[in-house]
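All heavy atoms count here, side chains included; hydrogens, waters and symmetry mates do not. In each ligand, atom 1 is the first atom listed, and ligand 1 is the first ligand listed. These numbers come from a predicted model, not from an experiment.
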Amino acid sequence: MTHAVAYRAAILHSLDDPAKVGLEASYAYYPDGVLVVADGRVRDIGAAADVLARQPAELNVVEFNNKLITSGFIDTHVHFPQSEMIASYGEQLLDWLNNYTFPEERKFADPAHSARVAEFFLDQLLRNGTTTAMVFGTVHKASVDAFFQASDKRNMRMIAGKVMMDRHAPDFLLDTPESGYADSKELIERWHNKGRQLYAVTPRFAPTSSPEQLAEAGRLLAEYDGLYMQTHLSENKQEIAWVKSLFPEQKSYLDVYDHFGLLGDRSVFAHAIHLEEPEFDRMGGSNSVAAFCPTSNLFLGSGLFNLPRFEDYEVDVGLGTDVGAGTSFSMLQTISEAYKILQLQQHRLHPLKALYLATLGGARALRLDDKIGNLQVGKEADFIVLDLQATPLIKARIDNTSTLFEQLFVLMMLGDDRAIAETYIYGQRQYRRD
Ligand code: GUN
Ligand code: ZN
């Protein structure tokens, strides 16, 4: 058993969805709090006076000033191979894929390139306070081996998978139904449930998989327990028209995936912007999940995600950066853009709801809320230390607030990687801002 360490600062964490329990019951806040971590897990949490009274007197206490501890952010949709093509100018989805994305992903045929970018990507997550993500590789098996090697070494809880794509892309990026199945199977055997790693069957999106390949994806999902499925859904109007022409028998875009057995409570659909009513209904009925990717949806001009409608249909939603179509690794920046997307639709995003989405809601969306998502006793100790004085502007603005909600909102609107002072993975500090 390792030595327990206590961290003393303001502590805030999410307890439930404000849409379900109301704002007051949705969080716990300790203005002077202590978080005790031992063996990689939360051993105790609460007001400093209470926790220190019940813990051994020799407890090692690390004290922070003007900091706020919360649980690590969870990014439910991101492409690690697109880390170095973020901010590619001018196009919407389909041209962006052809002109920028596919040539960039070609580089991941080289395992050394994959390994270097995987490390870079994880460094970016840590400096932005993201401790868990659901991640696309490329079509190359080696890209996912490199990714899991890097995340396993850091003991980060990650979900990832090899992209399956066997048509409508350059030859150098295509697999086949057989090879996509066999390569995915090999990766599942090697990585699913290895340490904190989990596997997601990853058909890129309906246009780049033949019906035969989508059927193979469904077969994989049926063969193993606890596998995830990740793909893209109804992101762009031209894309949707294309899917309808490719799959004329199916009732809708979502129905294509449904037909091949790809819906379910571990299936995460990125974007889901232009859904029709029966698709909302079916997402809820199948317990499928949507990933809301605000910076990407604005950058590619894809459209406005309608969060309240997902609540109406009881569809779990997580937040995603969707780098490289997304323009930031920061979940704070992602929240800021989410707020504006809802504003454009006459909706509100309360900072406590945003906190929920970026932490416990993300964990629920990924069915990991028994392990991560907040700092309740027993959970895996993935947490971050936010700096309430990260920049002169943030300091000045926070000095001019009187409530926790205002402070949180300021951090969300103005914060980015500069607001992350430290990031802890399984109780170990893995990032500290200089
Ligand atoms: N649809 C299919 N592939 C992609 C991708 O790489 N990024 C985004 N944003 N949408 C996609
Ligand atoms: Zn994506």
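- Of the charged side-chain nitrogens involved, none lies within less than 4.0 Å of a carboxylate oxygen, so that Asp17 and Arg364 do not count as a salt-bridged pair.
- In this structure, Gln82 is part of the shell of residues with a heavy atom less than 4.0 angstrom from ligand 1.
- Ion pairing between Asp316 and Arg367 holds under the 4.0 Å rule for side-chain N and carboxylate O.
- Around atom CD of Glu249, no more than 12 heavy atoms belonging to other residues, nucleotides or ligands sit under 6.0 Å away.
- The ligand atoms of ligand 1 that sit less than 4.0 angstrom from a heavy atom of Ala325 are 9 (N).
- Using a 4.0 Å cut-off between heavy atoms, His79 contacts ligand 1 through its side chain alone, with no backbone atom that close.
- The NE2 atom of His232, the Zn ion (ligand 2) and the NE2 atom of His77 define an angle of 100° (nearest 10 degrees).
- Glu119 has no carboxylate O lying under 4.0 Å from a charged side-chain N of Arg116, or vice versa, which leaves the two without a salt bridge.
- Other residues, nucleotides and ligands place no more than 12 heavy atoms under 6.0 Å from the CD atom of Glu314.
- Distances between N or O atoms of Glu105 and those of ligand 1 include no value under 3.5 Å.
- Heavy atoms of Trp96 approach ligand 1 to within less than 4.0 angstrom.
- For atom 4 (C) of ligand 1, the closest non-hydrogen atom on the protein side is His232 CE1, 3.4 Å.
- The nearest N, O or S atom of Cys293 is not closer to the Zn ion (ligand 2) than 2.8 Å.
- When hydrogens are left out, the protein atom nearest atom 3 (N) of ligand 1 is Arg204 NE, 2.8 Å; that is the closest non-hydrogen contact.
- Asp382 has no carboxylate O lying under 4.0 Å from a charged side-chain N of Arg157, or vice versa, which leaves the two without a salt bridge.
- Residue contact check: His271 has heavy atoms under 4.0 Å from atoms 9 (N) of ligand 1.
- For Asp417 and Arg127, the salt-bridge test passes: some basic side-chain N is under 4.0 Å from an acidic carboxylate O.
- Proximity to Leu93 (heavy-atom distance under 4.0 Å) selects the following atoms of ligand 1: 1 (N), 8 (C), 10 (N), 11 (C).
- Between the OD1 atom of Asp322 and the NE2 atom of His79, the angle centred on the Zn ion (ligand 2) amounts to 90° when rounded to 10°.
- When each atom of ligand 1 is checked for a heavy atom of Glu235 under 4.0 Å away, the hits are 1 (N), 8 (C), 9 (N), 10 (N), 11 (C).
- Residue contact check: Asp322 has heavy atoms under 4.0 Å from atoms 8 (C), 9 (N) of ligand 1.
- A donor-acceptor pair shorter than 3.5 Å cannot be found between the side chains of Tyr228 and Gln230.
- Between Arg154 and Asp123 there is a salt bridge, since at least one side-chain N of the basic residue sits less than 4.0 Å from a carboxylate O of the acidic one.
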